[in-house]
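The next block holds one structure in the form of structure tokens; read it before the comments.
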Number of protein chains: 2
Amino acid sequence: MTAKARRGPYVCGIDAAMDVVSGKWKSLILWELDNHGVRRFGELRRGLPGVSEKMLIQQLREMEQDGLINRQVYGEVPPKVEYSLTPDGRSLNAALAPLGDWGTARAARLTADGTLHTH
Amino acid sequence: MTAKARRGPYVCGIDAAMDVVSGKWKSLILWELDNHGVRRFGELRRGLPGVSEKMLIQQLREMEQDGLINRQVYGEVPPKVEYSLTPDGRSLNAALAPLGDWGTARAARLTADGTLHTH
DNA sequence: TGCACTACTTACCTTTCAGTAAGCATGGGA
DNA sequence: TCCCATGCTTACTGAAAGGTAAGTAGTGCA
């Protein structure tokens with residue numbers, strides 16, 4: 001097996017969720033897809049500044065395996081592939097919302113304190 | 001600087017929250033401290049089966065730096081140190097709850113499908 | 001003829017994360 | 001005198017995550 005052997009026995013729910021959402025770009029992919037509904041590979045790449053093609057595909061593949069996203073291939077040339085969220089992906093994104101709010105509030109706190117190094 | 005140079009500019013709130021909660025044991029530490037209120041180092045270690053002393057301290061120190069936990073040292077011999085959550089730590093734990101529920105539901109789904117390898 | 005477009009794939013390297021094992025300081029009890 | 005307990009610290013090692021750069025296929029267009 002080349003893919004990660006994950007889905008091990010989990011200590012708790014957070015564990016199980018983290019297994020699926022950890023990875024530098026996954027939450028952003030979730031967000032992009034939830035916002036736009038459907039996105040092509042190139043659109044996603046342009047929507048996530050700094051991601052490399054290798055990383056983007058890697059994360060998309062894992063998310064597909066984990067049942068978070070759908071991958072629709074059109075047999076055209078040049079190739080066309082569309083990605084969208086599954087119901088699981090959408091509910092995960094919803095479950096991440098409070099965490100996002102917490103993070104936003106924290107970032108605001110840090111900026112106010114001058115603790116954040118913005119450059 | 002020996003500590004991680006984190007708190008970089010964040011793309012979104014999830015990013016900021018993940019920066020602080022990623023790490024193999026942090027969510028479990030949060031959970032333990034929320035459950036018990038106050039715990040000594042040894043109690044935490046015994047409460048997190050499989051954690052090494054090195055990892056536990058590393059994560060506790062980072063969480064302290066991030067303002068999630070309080071560290072109370074008693075100048076005794078043998079040493080005695082007590083850890084507890086700050087208000088930020090408690091609110092983070094609350095924000096993690098929906099994610100935990102999602103993960104629990106997912107784990108249940110996987111087990112029902114027979115997709116999960118339990119041994 | 002050759003270049004562009006798209007969605008990948010591959011090889012290689014660096015950085016980060018995590019685990020093991022050992023050592024340290026101090027005082028009390030056997 | 002030696003060992004035990006506690007809460008660390010340090011050095012070394014391996015594994016995993018992530019980054020860079022280049023290559024691939026097939027068609028259309030200049």
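Here is the naming used below: chain letters follow the sequence lines, and residue numbers restart at 1 for every chain. In what follows, every heavy atom counts, from backbone to side chain, and hydrogens, waters and symmetry copies are set aside.
- Rounded to whole angstrom, the span from the NZ atom of A/K24 across to the P atom of D/dA17 amounts to 14 Å.
- Contact annotation for A/E82: no contact, since no heavy-atom pair falls under 4.0 Å across all strands.
- An OP1 or OP2 oxygen of D/dG19 is reached within less than 4.0 angstrom by a side-chain nitrogen or oxygen of A/W25.
- Between A/R61 atom CZ and A/L56 atom CG the span is 10.0 Å, to the nearest 0.5 Å.
- Looking at residues two or more places apart in sequence or on another chain, you find a side chain to side chain contact (heavy atoms under 4.5 Å, CB included) between B/W31 and B/N35.
- Applying the salt bridge (charged side-chain N to carboxylate O under 4.0 Å, His left out) rule to B/R40 yields no partners; only residues at least two apart in sequence or on another chain are considered.
- Between the CG atom of B/L56 and the P atom of C/dA18 there is a distance of 13 Å, rounded to whole Å.
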Polar pairs (N or O, both sides) under 3.5 Å between protein and nucleotides 3-11 of chain D?
| from | atom 1 | to | atom 2 | distance (Å) |
| --- | --- | --- | --- | --- |
| D/dT6 | O3' | B/R40 | NH2 | 3.1 |
| D/dT6 | O3' | B/P79 | O | 3.0 |
| D/dG7 | OP1 | B/R40 | NE | 2.9 |
| D/dG7 | OP1 | B/R40 | NH2 | 2.7 |
| D/dG7 | OP2 | B/G42 | N | 3.1 |
| D/dC8 | OP1 | B/R61 | NH2 | 3.1 |
| D/dC8 | OP1 | B/R71 | NH2 | 2.3 |
| D/dC8 | OP2 | B/Y83 | OH | 2.7 |
| D/dC8 | N4 | B/E53 | OE1 | 2.2 |
| D/dT9 | OP1 | B/R61 | NH1 | 3.2 |
| D/dT9 | OP2 | B/R61 | NH1 | 2.8 |

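- Between the CD atom of A/E76 and the P atom of D/dG26 there is a distance of 16 Å, rounded to whole Å.
- Of the side-chain N and O atoms in B/Q59, one or more sit less than 4.0 angstrom from OP1 or OP2 of C/dA18.
- Taking atom CE on B/M55 and atom C1' on D/dG14, their separation rounds to 14 Å, with Å as the unit.
- The side chain to side chain contact (heavy atoms under 4.5 Å, CB included) test applied to A/R90 returns A/D34, A/L85, A/P87, not counting sequence neighbours.
- B/V11 pairs by the side chain to side chain contact (heavy atoms under 4.5 Å, CB included) definition with A/L28, B/D15, not counting sequence neighbours.
- By the salt bridge (charged side-chain N to carboxylate O under 4.0 Å, His left out) test, A/E43 is found to be paired with A/R39, residues two or more places apart in sequence or in another chain being considered.
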